[in-house]
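Before any comments, here is the structure.
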There are 2 protein chains.
Amino acid sequence: MNRPPRASDVAALAGVSRSAVSRAFTDGASVAPETRDRIMAAAEELGYRVNHLARSLKEAAPSKLVALVVSDMDHSLRARLVDLLARGLVAGGFRPFLLPWSQGDDPRQLIDMMLNYNVSGAIVTSDTPPEEISHQCARFGVPLVLVNKAPVDARAARVVQDTDAAGRMAAHLLREAGCRRVLYAGQARASFTIDERRRAFEAELGALGMTLAGQVTGPSQNHAGGLIAAEQYLAARHDVDGVHCANDFLALGFIDGLRRAGLPAHDWPALVGCDDIAEAAWPAFDLTTIRQDPGLLANACLDGLADRIAHPANQPELQVLPVAAVRRATTRKTNID
Amino acid sequence: MNRPPRASDVAALAGVSRSAVSRAFTDGASVAPETRDRIMAAAEELGYRVNHLARSLKEAAPSKLVALVVSDMDHSLRARLVDLLARGLVAGGFRPFLLPWSQGDDPRQLIDMMLNYNVSGAIVTSDTPPEEISHQCARFGVPLVLVNKAPVDARAARVVQDTDAAGRMAAHLLREAGCRRVLYAGQARASFTIDERRRAFEAELGALGMTLAGQVTGPSQNHAGGLIAAEQYLAARHDVDGVHCANDFLALGFIDGLRRAGLPAHDWPALVGCDDIAEAAWPAFDLTTIRQDPGLLANACLDGLADRIAHPANQPELQVLPVAAVRRATTRKTNID
DNA sequence: CGTCGGCATGCACACGTGTGCAATGCCTTT
DNA sequence: AAAGGCATTGCACACGTGTGCATGCCGACG
């Protein structure tokens with residue numbers, strides 16, 4: 001017989017009823033100390049473990065599983081976030097359930113998985129998740145937290161970066177570097193956070209009396225996209241003294257593009273990215289950027305989820321997380337001043 | 001009444017028995033087409049979903065959950081691997097279950113989680129996982145795949161890089177660059193793969209008539225460790241013409257260390273890393289390295305797991321994955337010849 | 001027309017667990 | 001000594017599902 005031992009096996013060995021075994025493994029249940037000891041000894045001998053699937057089946061409350069819907073895990077900031085979320089969930093007694101999602105995947109499959117496994121909540125950190133996920137979760141009462149996403153469903157909690165402050169900050173950092181005419185590098189429609197930030201950036205440029213000379217666009221918001229944006233920048237011979245990139249990966253690619261083209265360092269524009277990924281601090285780049293603390297982000301998600309689970313009827317909360325300027329070389333050793 | 005609908009609710013609405021509902025959702029079961037249609041309509045109306053937890057409880061086979069034990073997710077190669085593994089598992093009908101583990105965590109807690117949830121298998125990609133995990137998995141019959149790990153338990157399948165080829169390759173790449181006296185950058189005892197590779201590297205140096213001048217050591221196998229290794233290298237004024245770094249992150253840090261110290265490019269030693277992480281190809285580094293294909297790695301893990309699940313009694317297989325040399329600037333624009 | 005085979009369906013049990021309720025036994029109080 | 005309270009324990013049911021078995025029905029074939 002090779003099946004895992006169950007409670008009744010332990011009960012038989014310990015000479016008690018199966019209920020007693022169940023109670024021995026339940027905190028606060030009424031069991032005599034010596035009975036509990038005998039049960040625990042029998043359990044140890046058989047290698048018995050409580051089957052949490054069966055347990056969560058019995059309890060009306062959904063399982064302790066939490067779905068983690070994530071895309072673009074190769075983005076180091078997201079990998080870090082997933083790591084922190086998983087740790088936090090495990091520490092809180094939950095079990096993170098990794099659901100990768102890519103643009104073009106069928107969202108219904110994702111929803112099926114979440115509902116089939118009776119998850120007690122979900123955290124969505126993928127870019128541009130389909131609205132259907134939010135609506136279906138709301139319909140079936142699955143507590144949901146959206147990270148840096150647009151408010152697609154009023155019943156989902158949201159955690160977002162303070163995009164307004166970040167956009168203004170970018171403008172001020174370029175201003176500090178002495179810039180007058182600047183460029184924006186990134187796509188016209190990228191993601192919620194990037195778009196919002198860009199809007200605030202452009203507005204603040206006006207308030208500071210600076211000029212937005214135009215925009216260069218890479219095919220994607222990553223290093224490869226930055227390389228191409230830099231080529232465009234060099235080809236167009238823009239007469240600008242500063243560039244704000246949609247995110248750090250793009251900015252690093254932009255720097256690499258300038259470097260590859262052999263542009264002398266004193267001709268480089270001032271550069272400001274956003275996110276403060278680990279690579280931005282490397283001496284090869286030393287990029288001025290705007291920091292979004294992944295620890296803060298993860299904690300806000302966990303708090304938001306806990307709140308949704310505990311008080312499903314409440315108005316879902318919107319948490320806006322602060323950002324901080326990180327001044328490095330790309331706004332110092334510029335040719336301006 | 002706010003509980004999720006169950007099969008009996010659907011049965012009542014469709015005017016059939018609960019068995020019929022169960023059969024309607026089971027492939028290959030015997031149900032009349034019009035009955036199935038009526039059941040599906042009722043299910044759609046109520047928003048019914050099969051509860052897979054209860055299903056897996058019924059089926060003697062363990063749940064479709066697979067534990068993904070992972071540490072150091074901020075290592076971009078590992079994040080990529082986790083992403084690929086999660087995708088592959090989902091595609092194969094499994095559900096990945098993310099269990100972060102850090103040095104110092106209690107392994108028993110991890111084992112409890114895996115056994116409590118009756119996982120049908122586990123893939124361990126963390127560095128230096130405690131042996132206890134392997135032994136407990138074996139004891140309880142949980143199919144296990146170890147990625148780039150030492151053979152701690154004979155009953156676990158293993159997927160490892162061809163460390164022997166990689167180490168020899170590193171020596172040959174330095175030889176190609178004209179090196180004679182070389183250095184190894186990395187810790188004496190790091191991880192299984194790194195240690196094995198270093199051994200092969202040193203052996204091949206001898207065979208090629210090259211000299212290992214010594215070793216510089218950073219506090220960690222990442223960018224920060226590389227920075228410090230570079231400082232040591234510069235301080236000791238080693239008379240060498242090439243350096244092999246334990247992995248790419250360390251190599252990138254090493255380059256950044258030389259760059260920060262202002263060492264002119266024609267005085268740089270030839271450099272060879274290992275892994276071919278995305279950043280190694282960036283123009284800022286253009287690092288010669290040894291590629292380990294994460295797609296291959298992920299597929300090997302999934303195959304290994306499937307094999308362990310299908311044939312638990314078989315001898316666990318050991319898959320050795322090929323590596324490939326990636327020649328870039330750090331072995332070209334050297335000062336030699 | 002009788003028999004047989006195949007298909008659809010329902011009954012009942014099983015999976016492994018938690019817990020309300022009642023029963024039992026012991027200790028304390030009057 | 002009787003009564004009452006309390007801790008402990010077992011019985012039985014519930015959670016939501018899959019499936020073997022038996023039954024009933026219908027068509028086909030001899």
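Chain naming here is simple, since letters A, B, ... match the order of the sequence lines and numbering starts at 1 in each. None of the values given here were measured: they were computed from a predicted structure.
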Query raised in the report: From the 5' end of DNA chain D to its 3' end, which nucleotides mark the outer limits of contact with chain B, defined by a 4.0 Å heavy-atom distance cut-off (strictly under)?
Result: D:dC15 to D:dG20
Query raised in the report: Hey, what's the ring geometry for B:His52 with A:Tyr117, parallel, tilted or perpendicular (30° and 60° as the breaks)?
Result: tilted
**Report entry** Within 45° cone of B:Phe94 ring axis and under 6.0 Å: B:Lys64 NZ or CZ
**Finding:** yes
Report task. Under 4.0 Å between any heavy atoms, over every strand shown, what does B:Ser8 touch: base, sugar-phosphate, or nothing? Just pick one. Result -> nothing
Query - Neighbour count above 12 (heavy atom, 6.0 Å) for A:Arg108 CZ - result: no
Query raised in the report: Can you find a heavy atom in the side chain of B:Thr193 that is under 4.5 Å from one in the side chain of B:Val160?
Result: no
Query raised in the report: Is B:Val21 touching bases, backbone alone, or none of the nucleic acid, heavy atoms closer than 4.0 Å?
Result: nothing
**Report entry** Sub-4.5 Å side-chain heavy-atom contact between B:Pro96 and B:Val66
**Finding:** no
Query raised in the report: With nearest nucleotides of DNA chain C determined for A:Asn51 and B:Thr35 from heavy-atom distances, which residue corresponds to the more 5′ nucleotide?
Result: B:Thr35
Query raised in the report: Side chain of A:Arg49, backbone of B:Asn118: donor and acceptor closer than 3.5 Å?
Result: no
Report task. State which residues pass side chain to side chain contact (heavy atoms under 4.5 Å, CB included) with B:Glu131; sequence neighbours excluded, sorted by chain then number. Result -> B:His135, B:Val152
**Report entry** Closest-nucleotide ordering on DNA chain C, the 5'-leading residue of B:Ala54 and B:Pro33
**Finding:** B:Pro33
Query - Any donor-acceptor pair under 3.5 Å from B:Lys149 side chain to B:Val147 backbone - result: yes
Query raised in the report: Any N or O donor-acceptor pair linking the side chain of B:Ser19 to the base of C:dC11 at under 3.5 Å?
Result: yes
Query raised in the report: In degrees, rounded to 10°, what is the bend between the two ends of the helix from C:dC1-D:dG30 to C:dT30-D:dA1, using five pairs at each?
Result: 50°
Query raised in the report: How is A:Arg49 classified with respect to the nucleic acid when contacts are heavy atoms under 4.0 Å: base, sugar-phosphate, or nothing?
Result: sugar-phosphate
